[in-house]
Amino acid sequence: MKRYLSSAAAAIVLMGGVGIAMADTIVVQPEQETVVREYVKKQPLASVNLLGVELKLGSSVPDKVELREVPNVKYRVAVINDQTVLVDPETRQIVEVLH
């Protein structure tokens, strides 16, 4: 009986952790992506070349990279190594890499 209770308790703890991780996931709405893409077409940004920077979700963008505000979008945009990225201005973490 103890074995079943401890397994159930472990499962609850793990599910709680997954719930927290999922709650922290940032979802960029397709409408926001469209607004950003159109903005970048109209207002081209110079690409900043950064050696050794991996452009993936959660990666930090160095302070030397200028983040450009996009009207009606919560996140900021930058072009790094010829890739357009959306960045959370508060944490400077990449929330989306636009392909």
Side-chain angles (χ1 to χ4, degrees):
M1 183 66 149
K2 279 187 175 181
R3 180 178 231 183
Y4 294 118
L5 288 177
S6 59
S7 295
I12 290 170
V13 169
L14 286 174
M15 288 188 335
V18 170
I20 291 169
M22 291 174 74
D24 290 343
T25 300
I26 297 171
V27 178
V28 177
Q29 299 299 321
E31 300 84 30
Q32 287 184 324
E33 280 192 36
T34 302
V35 169
V36 171
R37 289 178 195 281
E38 289 176 8
Y39 177 82
V40 172
K41 280 183 188 176
K42 292 177 185 175
Q43 307 282 331
L45 303 171
S47 181
V48 177
N49 293 321
L50 299 176
L51 297 175
V53 172
E54 190 173 353
L55 299 177
K56 64 179 185 173
L57 299 182
S59 294
S60 292
V61 174
D63 289 337
K64 68 180 181 177
V65 175
E66 179 185 352
L67 302 179
R68 181 84 56 92
E69 188 173 342
V70 179
N72 302 316
V73 177
K74 174 183 176 181
Y75 305 109
R76 304 295 182 259
V77 67
V79 179
I80 302 171
N81 299 340
D82 295 321
Q83 290 283 320
T84 302
V85 294
L86 287 178
V87 179
D88 183 330
E90 293 176 13
T91 63
R92 296 190 67 86
Q93 290 184 328
I94 294 173
V95 296
E96 185 78 33
V97 178
L98 302 177
H99 298 283

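Numbers here are sequence positions counted from 1.
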Let me have the donor-acceptor pairs involving side chains of residues 47-57, under 3.5 Å, with sequence neighbours excluded, atom names and distances please.
| residue | atom | partner | partner atom | Å |
| --- | --- | --- | --- | --- |
| S47 | OG | N81 | N | 3.4 |
| S47 | OG | D82 | N | 2.8 |
| S47 | OG | D82 | OD1 | 3.3 |

Check your understanding: Does E66 have any side-chain contact (heavy atoms from CB on, under 4.5 Å) partners at least two apart in sequence or in another chain, and if so, which?
Key ->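 side-chain contact (heavy atoms from CB on, under 4.5 Å) list for E66, sorted by chain: R68.
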**Study point:** Residue pairs passing the salt bridge (Lys or Arg N to Asp or Glu O under 4.0 Å) test where at least one lies in residues 31-45, sequence neighbours excluded
**Key:** E33-R37
Point to revise | Pairs satisfying salt bridge (Lys or Arg N to Asp or Glu O under 4.0 Å), at least one member in residues 69-78, at least two apart | key: none
Review point. Are the side chains of V87 and Y75 in touch, meaning some heavy atoms are under 4.5 Å apart?
Key: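 They are not in contact (no side-chain heavy atoms under 4.5 Å apart), so the answer is no.
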Review point. Is there side-chain contact between V65 and R92, with heavy atoms separated by less than 4.5 Å?
Key: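 Yes, side chains in contact.
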Study note, to complete from the structure: On a heavy-atom basis, the closest approach of E96 and L98 is CG-CD2, 3.7 Å
